[in-house]
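To keep things clear, I will list the structure first and then write my remarks on it.
Just so we're on the same page: letters track the sequence lines, and every chain starts at 1. Both backbone and side-chain heavy atoms feed into the values below; hydrogens, waters and symmetry mates do not.
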Amino acid sequence: MPENVRVRFAPSPTGHLHIGGARTAVYNWAFARRYGGQFILRIDDTDPERSTQENTEAIMRAMRWLGLDWDEGPEAGGSSGPYLQSERGPLYRDGLLRMIEAGAAYPCFCSTEELEAQREAARAEGGYATYDRACRQLAKDEVKARLDAGEAHVWRLAVPEGRGDIMFTDAVRGPVSFPAEAMDDYIIVRSDGTPTYNFVTVLDDAGMGITHVIRGDDHLANTPRQILVYEALGEPVPTFAHMSMIWGSDGKRLSKRHGATSVEAYRDMGYLPDALINYIALLGWSIDDKTTLFDRATLVEKFALDRISKNPAIFDPDKLEWMNGVYIRDMPPQAFVHQMVPWLDAAGLASADDIADRNDWFLALTPLVTERVKRMDEIAPMVRFLFEDIEIDDTAREKVLAKEGAGEALRAAADALRAVEDWNPAAIEAAIRDIPPALDLKPKLVFQAVRVAITGSAVSPPLFESVALLGRERSVERVEAALASI
RNA sequence: GGCCCGUUCGUCUAGCGGUUAGGACACCGCCCUCUCAAGGCGGAGAUCACGGGUUCGAAUCCCGUACGGGCUACCA
């Protein structure tokens, strides 16, 4: 059992928190919680062109909404900050110095054109490395002279001479090995003095005491490069766990074309954070052969790196939607009433105060809607008829009200509703059920006629409960209005 | 081109030498039923990418091949 676990999620604020990033965050979070460790949020905003404050905020907002709380990071503080890469410049300069002292970095004065040519040549030859390491051979005094003269240069990592294969045991993929000869003396500091990704990542992870690096598959091939830096710095190499990517339905990178990709977009479509977490967790991880529904506590309790699957997963919106429906149905009624507030409010149907004032009425409405809704945004259209005047839709009129006997049925229904003694679903049902035998009409015709009159549609929540919730006065009015409109 | 990773129903997955290859979503049928749902029951759907080995026995181990993906940037 791992101890003193410290993991991090390091999104780049070049966009919103998307499904793939969210899964990385969920796995890191669950792992930290599972072993009582720290979950650190670090913002990789070293790309000033594409990074924005808005994105950083949106990412944190999405994480909070998902309930992924971080122990250290922006707004949370911590002793290994700053947690914005853009504020860690001095640490990176120090890192380079350490590399130079260790003899693991050297300046390179080669021009981009030279490098380009070398790359092409190396590729044509079919060999390993591309950079010929010319500057690594430069005499010390020449290097000093050119540096002093202010000649443009980058800093490269010196892959140790005679280094054997770089091997590590990935927590999800098992032993992985890369030939050292395949490693270039890659650039760790650009000519403008800024560090490159493979270098900063190690500086930050080492500096923050990260013990387990759980991240996307796309970083697997970067890992040996990073290990070289840990070794040069004399820092302990963390455990790596590379999970596969999430693809769209066509097997291509998940993008806008596959529908929403951002977590906040799912929030806005009426998905519940618990459902999203559950679904996302299952995209590349499993508890056993049967469990598909589990709460957060179970996720934390069962989470294990070695149960992360090696193959990529395709995001299936249908399954997410099904799962969201399950969570909606499982919600305690009072909780659902609270959840409904923003949705009804946004639709202009009921304010938070309205809902608080008539809590019992909304509680009665709850089972009617939870059973037939998979997303919160479906609620408003389904219950609109209870709040606003209706307009009978054309197909319902045609299919139901135009039928022979519909008028008779409505006339009888109006009378029956007026006569109901205790205004409740059972009494209403009894009264309406008396109509078909009395008029020798088919029950379905009668029910549907009343439904269309009351809701304006041939599809609605259960009729008698709906009538009960609408109230006697408005129900009778609507039945009469429908009758008059035939 | 080189290096690395992956490949079980349409999809997510279980499986870690001996199973009728299990579950979930989606799909189809039946039941329930005032519509729609929800629910219950059942069904179809996987020659475990392919080819060689190893073994009494392979989805499981080994080697190839194919296909997909990642990395190979002064992006992250």
Side-chain angles (χ1 to χ4, degrees), chain A residues 10-12 14 44-47 49-51 85 108 112 115-116 119-120 122-130 152-156 170 173 176-179 181-184 186-198 200-201 216-225 242 244-245 247 249 251-253 279 282-293 307 309-323 325-326 329 367-374 382 396 400 429 432-433 443-448 450-452 455 457-464 466:
Chain A
S12 172
T14 53
D44 280 13
D45 59 348
T46 44
D47 184 347
E49 298 284 301
R50 298 187 297 151
S51 298
Q85 284 191 331
C108 171
T112 0
L115 298 172
E116 194 67 43
R119 220 179 341 257
E120 268 172 51
R123 200 164 287 211
E125 237 169 82
Y128 272 137
T130 59
H153 63 282
V154 298
W155 288 88
R156 287 180 181 276
D170 190 279
R173 330 200 84 94
V176 189
S177 160
F178 293 79
E181 309 86 69
M183 294 298 112
D184 225 352
Y186 71 97
I187 294 171
I188 57 174
V189 174
R190 302 183 186 93
S191 48
D192 66 359
T194 60
T196 57
Y197 171 76
N198 281 123
V200 245
T201 297
D217 202 342
D218 46 340
H219 294 294
L220 185 60
N222 281 326
T223 304
R225 285 177 246 282
H242 289 96
S244 292
M245 324 217 56
W247 300 108
S249 47
K252 298 259 172 60
R253 231 190 173 94
Y279 177 71
L282 236 26
L283 232 38
W285 177 77
S286 62
I287 293 182
D288 54 34
D289 59 335
K290 298 220 158 52
T291 315
T292 70
L293 265 7
R307 290 201 63 85
S309 79
K310 297 178 183 64
N311 33 5
I314 290 175
F315 183 80
D316 179 5
D318 283 346
K319 191 163 183 175
L320 202 214
E321 191 165 68
W322 161 79
M323 194 172 277
V326 172
R329 274 174 261 129
L368 273 42
V369 9
T370 52
E371 259 187 30
R372 53 208 93 229
V373 121
K374 287 186 174 139
M382 186 170 290
V400 179
E429 173 162 9
I432 304 276
R433 277 193 192 280
K444 268 205 178 148
L445 170 67
V446 176
F447 299 143
Q448 283 301 82
V450 177
R451 183 189 310 283
V452 171
T455 70
S457 161
V459 178
S460 83
L463 181 57
F464 312 115
S466 297

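The distance between atom CZ of A:R433 and atom P of B:U35, rounded to the nearest whole Å, is 10 Å.
The pairing partner recorded for B:U54 is none, the criterion being a Watson-Crick or G-U wobble arrangement whose two distances lie under 3.5 angstrom. Across all strands shown, B:U65 forms a Watson-Crick or G-U wobble pair with B:A49, both key distances being under 3.5 Å. Of all nucleotides present, none satisfies the Watson-Crick or G-U wobble test against B:A73 with each distance under 3.5 Å. The partner of B:A21 cannot be assigned: no Watson-Crick or G-U wobble pair with both contacts below 3.5 Å exists in any strand. In this structure B:C30 sits in a base pair with B:G40, meeting the Watson-Crick or G-U test at under 3.5 Å.
In this structure, A:S12 reaches the sugar-phosphate backbone alone: every heavy-atom distance under 4.0 Å involves primed, P, OP1 or OP2 atoms, never a base. Residue contacts for A:T291: at a heavy-atom cut-off of 4.0 Å it reaches no nucleic acid atom on any strand shown. A:W247 comes within 4.0 angstrom of the backbone, heavy atoms only, and of no base. A:R173 comes within 4.0 angstrom of sugar-phosphate atoms only, judged by non-hydrogen atoms across all strands, and of no base. Residue A:F315 is classed as having no contact, given no heavy-atom separation below 4.0 Å to the nucleic acid. Looking at heavy-atom distances under 4.0 Å, A:P224 makes no contact with the nucleic acid at all.
Nucleotides B:U54 and B:C61 have their C1' atoms positioned 8 Å apart, rounded to a whole Å. On the P atoms, B:C9 is 10 Å away from B:C50, given to the nearest whole Å. Atom C1' of B:C67 sits at a distance of 28 Å from the matching atom of B:C75, rounded to the whole Å. With both ends at atom C1', the span from B:G68 to B:C31 equals 44 Å, rounded to whole Å. With P as the reference atom, B:G39 and B:C25 are 9 Å apart, rounded to whole Å. When the P atom is compared between B:C12 and B:U7, the two are found 12 Å apart, to the nearest whole Å. Nucleotides B:G45 and B:U13 are separated by 16 Å at their C1' atoms, to the nearest Å. A distance of about 10 Å separates the C1' atoms of B:G15 and B:C48, rounded to the whole Å.
Here A:N311 reaches the OP1 or OP2 of B:U8: one of its side-chain N or O atoms lies under 4.0 Å away. Distances shown here put a side-chain N or O of A:S286 below 4.0 Å from the OP1 or OP2 atom of B:A14. A:R372 has no side-chain polar atom (N or O) that falls below the 4.0 Å cut-off from OP1 or OP2 of B:U35. Here A:K310 does not reach the OP1 or OP2 of B:U7: none of its side-chain N or O atoms lies under 4.0 Å away. In this model, the phosphate group of B:U13 is approached by a side-chain N or O of A:S309 to a distance below 4.0 Å at OP1 or OP2. Between A:R50 and B:C75 there is no side-chain polar atom (N or O) within less than 4.0 angstrom of OP1 or OP2.
Comparing B:A76, B:A38, B:C74 by their closest approach to the side chain of A:K374 singles out B:A38.
Looking at which nucleotide of RNA chain B each of A:G284 and A:S460 is closest to, the 5′-most match is held by A:G284.
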